[in-house]
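Please read the structure below before turning to the comments.
Please read these numbers as outputs of a predicted model, since none were measured by experiment.
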Amino acid sequence: MKKTIVLTCLTLIIALSSCKEATNDDSASTMVKSESVATDMVQVRAAIQKIENQWADALNKKDINALMSLYADDAISMQDGGPALKGKAAIQLQQEKDFAAPPRYASISFQTQDVYGTAEEVTEVGTSEEKDAVGKVIGRGKYM
């Protein structure tokens, strides 16, 4: 199941709310501001990867409660080959069907490859990997 951009944006807003920006407009201050945002991006990347790990763990365990705790109430899920699912309740219904169906993989993982942006908005670029019961990679994906 594809993750929603809404969740990522919400997570980034929370993660970035602790960012400190320089208030002086001179060039030395601007340089400090740039360095502090770069440092914050390291923290943002780590925070996003932590959520990706929680996401994979919930999917691998078929833990609907843990998975749904990662969604905002007004989330929109842009699923492959189907309509957009609007709201947490609709997403949960589809996820319960997905969990009840024969599994496509034994485990899935997500890896944040890069994050970039500003203190107000960050984009994550990542990859996913699906493995069978013996650990053989059977699928790979990418996401933003």
Next on the checklist: Rounded to the nearest 0.5 Å, what separates atom CH2 in W55 from atom OG in S69?
Outcome noted: 9.0 Å
Heavy-atom pair with the smallest gap, counting every atom of [X] and [Y]:
{"X": "A84", "Y": "M78", "answer": "CB-SD, 3.7 Å"}
{"X": "F99", "Y": "K62", "answer": "O-NZ, 3.0 Å"}
{"X": "A106", "Y": "N60", "answer": "O-OD1, 4.2 Å"}
{"X": "I108", "Y": "A56", "answer": "O-CB, 3.4 Å"}

Checklist entry - Can you tell if the side chain of E124 reaches within under 4.5 Å of the side chain of V122, non-hydrogen atoms only? => result no
Checklist entry - Same hydrophobic cluster for L93 and I64, using side-chain heavy-atom links shorter than 4.5 Å among ILVMFWY? => result no
Item to check | N/O donor-acceptor pair under 3.5 Å between R45 side chain and Q113 backbone | outcome: yes
Next on the checklist: Donor-acceptor pair, distance only, cut-off 3.5 Å: does the side chain of Q49 make one with the backbone of T112?
Outcome noted: yes
Next on the checklist: side chain to side chain contact (heavy atoms under 4.5 Å, CB included) for N53 and F110? Distances and angles first, verdict last.
Outcome noted: CA-CA 7 Å; N53 295 343; F110 303 102; over 6 Å; no
Item to check | Polar contact flag, side-chain donor to acceptor under 3.5 angstrom, Q95-Y71 | outcome: no
Which pairs would a plain distance check flag for residues 129-138, meaning a side-chain donor or acceptor within less than 3.5 Å of a matching protein atom at least two apart in sequence or in another chain?
| from | atom 1 | to | atom 2 | distance (Å) |
| --- | --- | --- | --- | --- |
| E129 | OE2 | R140 | NE | 3.4 |
| E129 | OE2 | R140 | NH2 | 3.4 |
| E130 | OE2 | R104 | NH2 | 3.0 |
| D132 | OD1 | V134 | N | 3.1 |
| D132 | OD1 | G135 | N | 3.1 |
| D132 | OD1 | K136 | N | 2.8 |

Checklist entry - Are more than 12 heavy atoms from other residues, nucleotides or ligands located less than 6.0 Å from atom NZ of K50? => result no
Checklist entry - Which residues pass the side chain to side chain contact (heavy atoms under 4.5 Å, CB included) test with K61, sequence neighbours left out? => result D57, D63
Item to check | Pairs satisfying salt bridge (charged side-chain N to carboxylate O under 4.0 Å, His left out), at least one member in residues 86-97, at least two apart | outcome: D73-K88
